[in-house]
Amino acid sequence: MKIAPSILSCDFSRLGEEIVAVKEGGADWIHVDVMDGHFVPNITIGPVVTRGARHSTDLPLDVHLMIENPEDYLQSFAEAGATFMTVHAEVCTDLATTVNQIHSLGVKAGVAINPETGLEAIASVLGELDLLVIMSVNPGFGGQAYIPRSTEKVAEARGLLDQYRSSAELEVDGGVDDTNAAALQAAGASVLVAGSAIYGHPDGPETGVKTIREALLS
């Protein structure tokens, strides 16, 4: 099980230190939430901050593009140091072409689906994915409460990936903390994204990572 702290919830005035802290706590990836104010009702960061994150760590950068027309920005995020780039099924008119474009840049390709989007939306690219992201909140803001029915959707996604003999990682993003981490692990998730549960932990982000790790099944 991999833990991917979302820097959306970190102190950006101390970005490098905040990334080092979660690595010391045992983080596996760094999750970068990119929002454009169109696809989701918030504006966050772009390639410049992504590059700053890349300079701060050797951990994989999990770049989540919650933006319209992601194809126009893939090159920029690849050059900024993305390890994974995830686009949303809801905004890609030709998902297979976008996934192939990501791969052509030497980056691993992910697709995310929102809570109301069915798994059929990604059926055409299952064999090409490196990462499938199940959104367990409606994207746009950090600190939202986990949608309970997401656990069942994660289990369905795991079954689908296994059916296709896919080696793609199965990631859950939104409202993840120590109260639901073990259930998501049991449902078949392999990567957990957590923002406020880690960077908002009263004892600091290093402890935030360790708290989720300790909640996982042995």
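Just so we're clear, the structure is a prediction, and the values are computed from it rather than from any experiment. The figures here come from the full heavy-atom set of this structure, side chains too, leaving out hydrogens, waters and symmetry mates.
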Out of curiosity, [X] [atom1] to [Y] [atom2], how far, rounded to the nearest 0.5 Å?
X    : Y    : atom1 : atom2 : result
M135 : Q144 : CE    : CD    : 8.0 Å
K108 : L131 : NZ    : CG    : 10.0 Å
T50  : I7   : OG1   : CD1   : 6.5 Å
M1   : L217 : CE    : CG    : 8.0 Å
L192 : D178 : CG    : CG    : 11.5 Å
L184 : S150 : CG    : OG    : 8.0 Å

Of the non-hydrogen atoms in [X] and [Y], which two are nearest, and what is the gap between them?
X    : Y    : value
D36  : V40  : OD1-N, 3.8 Å
P115 : R149 : CB-NH2, 4.1 Å
I113 : A89  : CG2-CB, 3.9 Å
A80  : P47  : CB-O, 3.5 Å
P5   : W29  : CD-O, 3.0 Å
A157 : I134 : CB-CD1, 4.1 Å

Consider only side-chain heavy atoms of I, L, V, M, F, W and Y, link residues closer than 4.5 Å, and tell whether [X] and [Y] are in one cluster.
X    : Y    : result
I67  : M35  : no
V111 : L160 : yes
V191 : L216 : no
V91  : V32  : no
F39  : V63  : no

Sequence neighbours left out, cut at 3.5 Å: what donor-acceptor pairs do the side chains of residues 194-203 make with other protein atoms?
residue, atom, partner, partner atom, Å
Y199, OH, E18, O, 3.0
H201, ND1, D203, N, 3.0
H201, NE2, T211, OG1, 3.3

Can you sort out the partners of T97 under side-chain hydrogen bond (donor to acceptor under 3.5 Å, both in side chains), two or more places apart, ordered by chain and number?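 T97 satisfies side-chain hydrogen bond (donor to acceptor under 3.5 Å, both in side chains) with D94 only.
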May I have the step-by-step check of side-chain contact (heavy atoms from CB on, under 4.5 Å) for L95 and E128, ending in yes or no? CA-CA 11 Å; L95 196 53; E128 307 301 323; over 6 Å; no
Show, in sequence, the C-alpha distance, side-chain angles and deciding distance for K153 and E116, and conclude whether the salt bridge (charged side-chain N to carboxylate O under 4.0 Å, His left out) test is met. CA-CA 10 Å; K153 191 174 185 181; E116 300 306 320; over 6 Å; no
Residue pair [X] / [Y], side-chain heavy-atom distance below 4.5 Å:
X    : Y    : answer
F12  : I45  : yes
C92  : P70  : yes
D62  : H64  : no
T151 : N180 : no
L65  : L74  : yes
L126 : L161 : yes
E79  : L105 : no
V20  : S56  : no

Among side-chain atoms of D130 and H103, is any donor-acceptor pair under 3.5 angstrom?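 Indeed, the side chains of D130 and H103 share at least one donor-acceptor pair under 3.5 Å.
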Distance-only donor-acceptor check, side chains H31 and D33, under 3.5 Å: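 Yes, a side-chain donor-acceptor pair sits under 3.5 Å.
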Before giving the answer on side-chain contact (heavy atoms from CB on, under 4.5 Å), spell out for T57 and V22 the whole-Å C-alpha distance, their side-chain angles and the decisive distance to 0.1 Å. CA-CA 10 Å; T57 187; V22 294; over 6 Å; no
Take K210 and E214 through the test salt bridge (charged side-chain N to carboxylate O under 4.0 Å, His left out) and record every step on the way to the result. CA-CA 6 Å; K210 291 178 179 178; E214 290 167 359; over 6 Å; no
Is it true that atom OH of Y73 has more than 12 heavy atoms of other residues, nucleotides or ligands lying nearer than 6.0 Å?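 Check fails, neighbour count at 12 or below.
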Output, in order, the C-alpha distance, side-chain angles, deciding distance and verdict of side-chain contact (heavy atoms from CB on, under 4.5 Å) for V107 and F77. CA-CA 10 Å; V107 178; F77 282 100; over 6 Å; no
Counting only pairs under 3.5 Å, give me each side-chain donor-acceptor contact of residues 163-172, with atom names and distances, residues two or more places apart or in other chains.
residue, atom, partner, partner atom, Å
S166, OG, A168, N, 3.1
E169, OE1, S190, OG, 2.6
E169, OE2, K2, NZ, 2.8

